[in-house]
Amino acid sequence: MTDRPAFDRRAFLAALGSAGLGSLAGCSALGGDSTETASTAAPTASVDAEVARGLAARFAPTLYFDADETWFPTDPRSYASDRDGETVVDGFDAFDGYHATQGETDERAPEPTVFYNVVRYEDSSLTAVQYWFYSVFDQFTTNFHWHDWEVLHVFVDTADDEPVPQLYVASSHSRSVPNNEFLDPDPARPPRVLSELGSHSSALSLNDRADRFQRLPAGGTFADITNRAFDRIEDAAEIPIAYGLPRDEGARLPYVVPELDGAPVYEDERLPSVTRDSLVSEALTVRSFDALSSPPTDLPARSTGLVFGPETADDDRDADTDADIEYALVPAGEVEHITEFTGPQLSFEFAVPGFVEDAIASHLTTTSTPWSQPRYADPAADITDPTHRSALAERYDVVDEPSALNTLFVRVTEAVTDADAPDGEGVTTRESGVESVLLLESDPEAAPTFGGLGVLRDVPAGEHRLTVNGAGSAPHSETVRVGDAGSGSESASETDSSSGDAETLTTAGVDGEIPLVARESATKVEVDADGTDRDLTALALEDDFAGRLYDAPLSGPDAVYVHRGGAYTVEVRDSDDEIGAFRVNPDPSASAAGDDSESDSGSAPASIPSVRIDEPRTGKASLATFLADIAAETAAAVAAVDERDGGDNDNSDDSDDSGTSGDSSSTATSNGATQTATSDGQANAVRGLAQALESVAEAANRAAERAEAGERGRADESLDTVASRLERVAERLAEARGELPGSLSRATDRRLEQARRRSEQARAADTL
C-alpha cells in the first residue's frame, strides 16, 4: 500500500496514554481480577450461520509458510477414532496418518483446512472472528508436542453495514509470550499470517512486504504490529514487545529432534510413515543444545514456501497474492464433537548449573481442544497488549481495562573476550545471533526469545528459578523474586499505581541482561554456601571489564558459568548485609577449541573446567584477603612488563607495618603522600608501580591475619595502611602509564577502583 502513512511508534504510545509504567506490565488474560476471570468475562453469543460465514469469508487470512515447513493446516477428523464412546484424535494416528497420506497422494498439504468460530459480545457491536489452524505436530527447539492449534482473532465492529476491523491478534508460542497484535488495521486489506517453521506461531504481515515480518516502520511503510514497548527499559525502549517472526529479523533458531522414550520420535515403531525427512530439515536442527561447543553460525535464513488462501475469496477482498493452495473454510462447530487430542509424553531437558550438572525435565504432551479454552467463548481473553485492551475498553464496555499482572523481562546476550583487556583478563557482552529459551521451574512451558529479548507474562508472585538455555552455550540459572505491587518484593521491579491496581515489571539478570557463554569457552564457578557460619543470601559476580554479570539471591550451593577469558570477583552477602569477596581467574588456555571462533560449531567439550569456592565467608578477613589477591595479581602483571623490558631492580618499597600507630616506615612528603626511600634515589616508574602494589598486598595480608585472630583494632590499622598505599598506587600508575601496555593500564585502573571500594567495605565491616 502507498496511501497509508508510516506508523509512528511514539505517536501511537502517546495517543493511548501509554508512556507510564502501566503499559509495561501486561494485562490479565481476561481482564479484571485475574483470579475471577470466569465470572468477569463479558457474555458472548453465537452468530447466525450465514452472517458468520460471510464475516469469516470477508476476513479469511492468506497464510505464508516457510519453505522447509512439513505440517500444514489440515482436518483432524480424518484421524479421529472412538474411545469409550468419545471421539478422540490420537497423536500416533494423526502424525503417521498425515505422512502416510502425503506419501500416497504426493500432496504436500493433505486436506488443507481452516476452521472459523464467530462470536458477538452481547449488547455491543463488537464481534470476533476466530480462525483456527490445526497441524498434526509441533517441532520447535525445546518446545514440541503432538497436535497443534494456532489461532488468529479478528475483532470487528458490526454497527454499520460494512464491518470495520478493530484489532488483529495472532497467537504466539505460549500464554507467557505476548501475541502479535495490530490495532486499527486497514479495512481494505484482509490479514496475512506468517507461520513460523515447525511451531506454527503466527506473525502478522500487513504492509507491502507480503511475505516478511517487519517489527519497526522502515522504508516509508509501517510496522506489522502495534504492540507497546517497554519504554523505561533502555534496551527495549523502542522495540515493540511481541514474539514476531525472529528468522525474518535475522535471528538463528536451532531446532531439536523430539524424543520419545529416549529415542528420536521417527524411530518409534508406531510411526512407520514418519522418517527423519518428515521433521524440520537437518540443516536447521541440532541433536541437543549441549552437544555443540558454540552457538551455531551456519543456520539458513528463512525463505517463503507455500502460500494458502481461502477457496472462495470474497469479491471485496484485496487479494494481493496468488495462493499456491486453497484451503477449505469450515465452521469450527463441525469438529466440536472431538473431546480430546491425545499423545504420550515428549520430553526435553534444560541443563541447570549445579555442583553435579542436573536438568529440569519437562514435558509438553498435547494440546487441549480450542472449544474447551476460555478464549473460544471470550476472544478478548487473548489480547495480551495492555494498550490494545485499553483502546477496546474505551470503545466497548464489554472489554475490561487491563489489570494487575507480573511480567518478567530479560535480554540474553553473549559473553566474549574484550579486545581492550589484557589476554585472558577481561570480557564484554554483545548481541547474540542465536535465540535462547527461557523456563521457570514453576511453569512447564518454555518460551523462546525474540531478538534476544525474553518476556514471560502472568508470573505468579513469589520466588522462582529462571533457567536460560541456548544451543552451544553453557546454561544460566538464577533465583528471581517476583512480587505483587506493594508486596515488598526484593526483585528488580517497577510499579505504577496511577490507575488503581498497580502493575509490576521485574527484570532478571543484571539490569535485565543475562550473558551466556559458549561451552567451549566456559568455566563453572561453584559456590558452596553450606558449612558457613553465616546465612548467605545473595551471590554476585563481576568481570574487571564487563562489570557485574550475575546478581541473584542465594540459598545453598550455586554455580555460575563464566567465560575463561575474564578476571572475576565473586561477591557474597549475608543476612546482616556483610560482604565477602573472592578473586577467580580461570585458565584461558583450558579451552579445547578456538575462542569466539566464527567457524562451524564442533562437538562440545567432554567436560567444562570448574573452580570451587568452599565455605565462603563475609567480613574483614574475606575482604582483606581479596585485596591482597587482586594487588598481588596486578603487581605480577606489571612486574612482567618490567622483566620483558630487561630491567632488574634492587630497590625496596617498605612494607613493614609492625608498628601499632603507623604500619609503614615510609617518610611523609609535603602533600601528605608517602614516598619510599630507595638506595639509588628514583625508581623506574613501572618497577615502582609493581612495588607499590606489592606493598598493598602485604598490608592486606596482615589485615586478614589480624582479623582472623580477632584483633579488630590492629586489623583496622592495617586496612588504613592499605587505603593510603592504594593512593600511592594511583600516583605510581600515573607516572607509569606511558611505559605500560594500554590494556594493562586500563586493567590496573579498573582493579584500583575495585580495590578502593573493597577497602572501604572492609573498614566498614562489623564481622571479622
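Looking at Arg457, its side chain never comes within 3.5 Å of a backbone N or O of Thr407 through a donor-acceptor pair. At distances below 3.5 Å, at least one donor-acceptor pair connects side-chain atoms of Asn406 with backbone N or O atoms of Val459. Between the Glu181 side chain and the Thr384 main chain, a donor and an acceptor come within less than 3.5 Å of each other. Checking side-chain atoms of Arg389 against main-chain N and O of Pro402 turns up no donor-acceptor pair under 3.5 Å. Ser303 contributes no side-chain N or O that, together with a main-chain N or O of Ala67, makes up a donor-acceptor pair within less than 3.5 Å. At least one donor-acceptor pair closer than 3.5 Å links the side chain of Thr158 to the backbone N or O of Ser125. Side-chain atoms of Gln139 come within 3.5 Å of backbone N or O of Val280 as a donor-acceptor pair. Although no hydrogens or angles enter the test, the distance criterion places no donor-acceptor pair under 3.5 Å between the side chain of Thr44 and the main chain of Asp378. Proximity of a side-chain donor or acceptor of Arg108 to a complementary backbone N or O of Glu69 within less than 3.5 Å is detected. In this structure, Trp71 contributes its side chain and Phe95 its backbone to no donor-acceptor pair below 3.5 Å.
The minimum heavy-atom distance between Phe450 and Ile241, with the atom names listed, is CZ-CG2, 4.1 Å. Counting all heavy atoms, side chain and backbone alike, Trp149 lies closest to Pro76 at CZ2-CG, 4.2 Å. Here the closest heavy-atom approach between residue Val480 and residue Ala508 is recorded as CG2-CB, 4.0 Å. The nearest pair of heavy atoms linking Tyr131 to Leu55 is OH-O, 3.6 Å. Closest non-hydrogen pair, Ala210 versus Leu194, comes out as O-CD2, 3.7 Å. The two residues Ala56 and Val129 come nearest to each other via the heavy atoms CA-CG1, 4.0 Å.
Using a 30° and 60° split on the angle between ring planes, Phe92 and Trp146 fall in the tilted class, from 30° to 60°.
Separating the CZ atom in Phe144 from the OG atom in Ser199 is a distance of 12.5 Å, to the nearest 0.5 Å. In this structure, the separation between OG on Ser281 and CG on Leu197 is 8.5 Å, given to the nearest 0.5 Å. Atoms OH and CD, on Tyr396 and Gln166 in that order, are 3.5 Å from each other to the nearest 0.5 Å. Here the CG atom belonging to Leu183 is positioned 11.5 Å from the OH atom belonging to Tyr168, to the nearest 0.5 angstrom. Here the straight-line distance linking atom CG of Asn179 with atom OG of Ser201 works out to 8.0 Å at 0.5 Å rounding. In this structure, the separation between CG on Asp157 and OG on Ser124 is 7.5 Å, given to the nearest 0.5 Å.
Using a 4.0 Å cut-off between charged side-chain N and carboxylate O, Arg270 and Asp261 make a salt bridge.
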Determine, stepwise, if the pair Thr275 / Asp277 fulfils side chain to side chain donor-acceptor pair (under 3.5 Å). CA-CA 5 Å; Thr275 67; Asp277 291 339; 4.7 Å; no
Please evaluate residues Arg58 and Glu162 with respect to the criterion salt bridge (charged side-chain N to carboxylate O under 4.0 Å, His left out), reporting the C-alpha separation (whole Å), side-chain torsions for both, the decisive distance (0.1 Å), and the verdict. CA-CA 10 Å; Arg58 168 69 179 81; Glu162 179 65 26; 3.2 Å; yes
Take Phe155 and His388 through the test side chain to side chain contact (heavy atoms under 4.5 Å, CB included) and record every step on the way to the result. CA-CA 11 Å; Phe155 293 89; His388 296 156; over 6 Å; no
Side chain to side chain contact (heavy atoms under 4.5 Å, CB included) evaluation trace for Leu466 with Val410: CA-CA 10 Å; Leu466 171 68; Val410 302; 4.0 Å; yes
If you apply the rule salt bridge (charged side-chain N to carboxylate O under 4.0 Å, His left out), what do you find for Asp90 with Arg83, and how did you get there? CA-CA 10 Å; Asp90 179 80; Arg83 187 187 65 184; over 6 Å; no
Start with the C-alpha distance between Arg77 and Glu111, add both sets of side-chain angles, then the distance that settles salt bridge (charged side-chain N to carboxylate O under 4.0 Å, His left out), and finish with yes or no. CA-CA 10 Å; Arg77 290 175 292 182; Glu111 295 187 275; over 6 Å; no
Could you go step by step and tell me if Asp66 and Ser195 meet the side chain to side chain contact (heavy atoms under 4.5 Å, CB included) rule? CA-CA 7 Å; Asp66 193 282; Ser195 181; over 6 Å; no
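Here the side chains of Glu340 and Thr369 are not in contact, with every heavy-atom distance at 4.5 Å or above. Between Tyr266 and Val257, the closest side-chain pair of non-hydrogen atoms falls below 4.5 Å. Side-chain contact check for Asn207 versus Asp224: some heavy-atom pair is nearer than 4.5 Å. Put simply, the side chain of Ser473 does not reach to within 4.5 Å of the side chain of Phe289, judged on heavy atoms. The shortest side-chain heavy-atom distance between Pro272 and Asp96 falls under the 4.5 Å cut-off. Leu299 has its side chain within reach of Pro254: a pair of non-hydrogen atoms, C-beta onward, lies under 4.5 Å apart. Using a 4.5 Å heavy-atom cutoff, the side chains of Val455 and Val177 are not in contact. Pro185 has its side chain out of reach of Val154: every pair of non-hydrogen atoms, C-beta onward, lies at least 4.5 Å apart.
When the options Arg375, His200, Glu150, His153 are evaluated for a side-chain hydrogen bond (donor to acceptor under 3.5 Å, both in side chains) with Ser171, the one that passes is Glu150. If you run ring-ring contact (aromatic ring centres under 6.0 Å, His included) between Phe308 and each of Tyr64, Tyr327, Phe72, only Phe72 comes through.
Applying the ring pair (Phe, Tyr, Trp, His ring centres under 6.0 Å) rule to pairs touching residues 246-265 yields Phe140-Tyr255, sequence neighbours excluded.
Note: Tyr134 and Phe341 meet the aromatic proximity criterion, with ring centroids under 6.0 Å apart.
Residues passing the side-chain hydrogen bond (donor to acceptor under 3.5 Å, both in side chains) test with Thr304, sequence neighbours excluded: Asp211, Arg212. Listed by chain and number, the residues in a side-chain hydrogen bond (donor to acceptor under 3.5 Å, both in side chains) with Trp132 are Gln130 (sequence neighbours excluded).
For CG of Asp324, the number of neighbouring non-hydrogen atoms (other residues, nucleotides, ligands) closer than 6.0 Å is greater than 12. More than 12 heavy-atom neighbours from other residues, nucleotides or ligands sit within 6.0 angstrom of CG on Asp82.
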